[in-house]
Amino acid sequence: MSPETIRVALPGGRGYDVIAGTDLLASLGERARAALPPASKAAIVHDAGVPDTHLARARASLESAGFSVASKTVRPSERDKSLDTLRSLLEWLALERLARSDVVIALGGGIVGDVAGFAAASHRRGCGIVQCPTTLLAMVDASVGGKTGVNLEIEREGRPQLLKNAVGAFHQPSLVLADIDVLESLDPRDFRAGLAECIKHGMIAGAADDSDLSSWLDQNLARIAQREPETLARLVARDVAVKASIVADDEKETDPSGGRALLNLGHTFAHVIESISGFDLGTREPGVRHGEAVALGLIAASKTASELGLVDRAFIEGVRASLAAAGLPTRSRGFENAALGPDALISRMLDDKKSADDGLRLVLPMGPGTARVLESPALSAVHAGWEMIGAGARSPD
Ligand code: GLY
């Protein structure tokens with residue numbers, strides 16, 4: 001199977017290719033060399049969960065293309081997507097004397113890509129980065145578009161709170177290599193979590209002239225669930241094409257009418273779900289994966305939109321059916337334990353950096369393949385969105 005190449009067309013020399021296909025890690029070295037000709041050293045930042053065989057393949061390929069290679073492990077948890085991890089990476093890059101013309105290789109899921117990307121953006125005020133995503137979520141979303149960063153843990157009114165992606169930088173990669181082979185060993189729950197971002201892309205794909213993406217996804221779900229390589233490569237390529245088109249039009253998310261903000265569909269709900277599951281439930285790790293929280297967020301956003309008359313009831317059911325067919329949650333039981341009702345959750349949403357200073361700013365669906373940004377939506381509608389996914393429900397005895 002020949003790989004598919006999608007160009008992220010950005011001005012000022014910031015454009016790059018995303019390559020999706022099989023057996024790509026074996027060509028990482030030569031492709032990185034072509035994307036970054038002056039680099040002589042490659043610093044691999046890899047996910048503790050990435051199988052040794054993938055790391056060995058990446059390393060061997062880089063070495064045979066003439067790079068000297070160093071590597072460092074990062075724990076792929078939201079709590080470790082932190083300023084402490086960033087600091088340890090920056091100290092390591094300094095010790096390794098990585099030059100500005102050299103390259104960081106992020107080999108892992110979205111967390112590793114984000115923190116390694118931020119380290120690359122900060123080291124000597126910006127060195128090169130090649131993203132080698134190893135999860136479906138990172139392939140279709142996190143590795144593309146140049147958003148990098150870490151979470152912040154703050155204490156507000158005596159309670160610890162996780163602010164997702166509160167600190168970061170836009171730093172575009174020079175290349176993204178999505179080797180489908182690595183998905184074969186991906187944990188089933190993580191694989192399903194990635195499908196939430198694919199379903200989200202289908203819900204906004206009209207903005208990228210691919211209105212058929214949602215129905216293609218629904219029709220191919222069985223092949224995708226079996227991880228058939230050709231279908232997965234097509235899925236990643238189509239999803240990346242949607243994201244690439246949106247990012248090329250609004251690289252830094254400044255378009256007030258939508259643009260890149262559309263990619264945040266469901267995310268204002270999701271970030272609150274992640275933050276309460278990680279802290280208020282007292283566990284070290286969020287009880288939900290990002291993609292699972294996004295799945296719930298997509299339903300809450302659809303219900304909010306239906307309360308506002310933007311979509312009909314059948315639309316919500318369609319979204320819910322797609323998510324359920326992909327094995328994703330459509331209702332959470334975590335809220336009862338956290339004793340948080342819709343009003344408390346709405347006030348948490350206001351802490352999300354994607355909200356405007358003076359009110360809630362939400363991306364809401366407008367119909368199949370279409371969404372828009374809405375300023376200060378009626379809070380009763382948002383309340384109904386939270387209720388639909390279980391907030392405010394009484395705990396079963
Ligand atoms: N994941 C949203 C974005 O890249 O803009």
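Each residue takes its place number in the sequence, starting with 1. Both counts, for ligands and for their atoms, begin at 1 and track the order of listing. Given the structure is predicted, the values throughout are model-derived calculations rather than measurements.
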Is E230 atom CD crowded by more than 12 heavy atoms from other residues, nucleotides or ligands, each under 6.0 Å away?
no

Sub-4.5 Å side-chain heavy-atom contact between R59 and S71:
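Yes, their side chains come closer than 4.5 Å.
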
Counting only nitrogen or oxygen atoms and a 3.5 angstrom limit, does N264 reach ligand 1?
no

Nearest 0.5 angstrom please: E317 CD to T330 OG1, how far?
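Rounded to the nearest 0.5 Å, the CD-OG1 separation comes to 9.5 Å.
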
Report the member of E197, H290, R260, H267 with the shortest heavy-atom distance to atom 5 (O) of ligand 1.
R260

Between G146 and Y16, the two heavy atoms sitting closest are N-OH, 4.1 Å

Identify the closest protein heavy atom to atom 1 (N) of ligand 1: which residue and atom is it, and at what distance?
D141 OD1, 3.2 Å

Atom 4 (O) of ligand 1: the protein heavy-atom neighbour that sits closest, reported with distance to 0.1 Å
K243 NZ, 2.6 Å

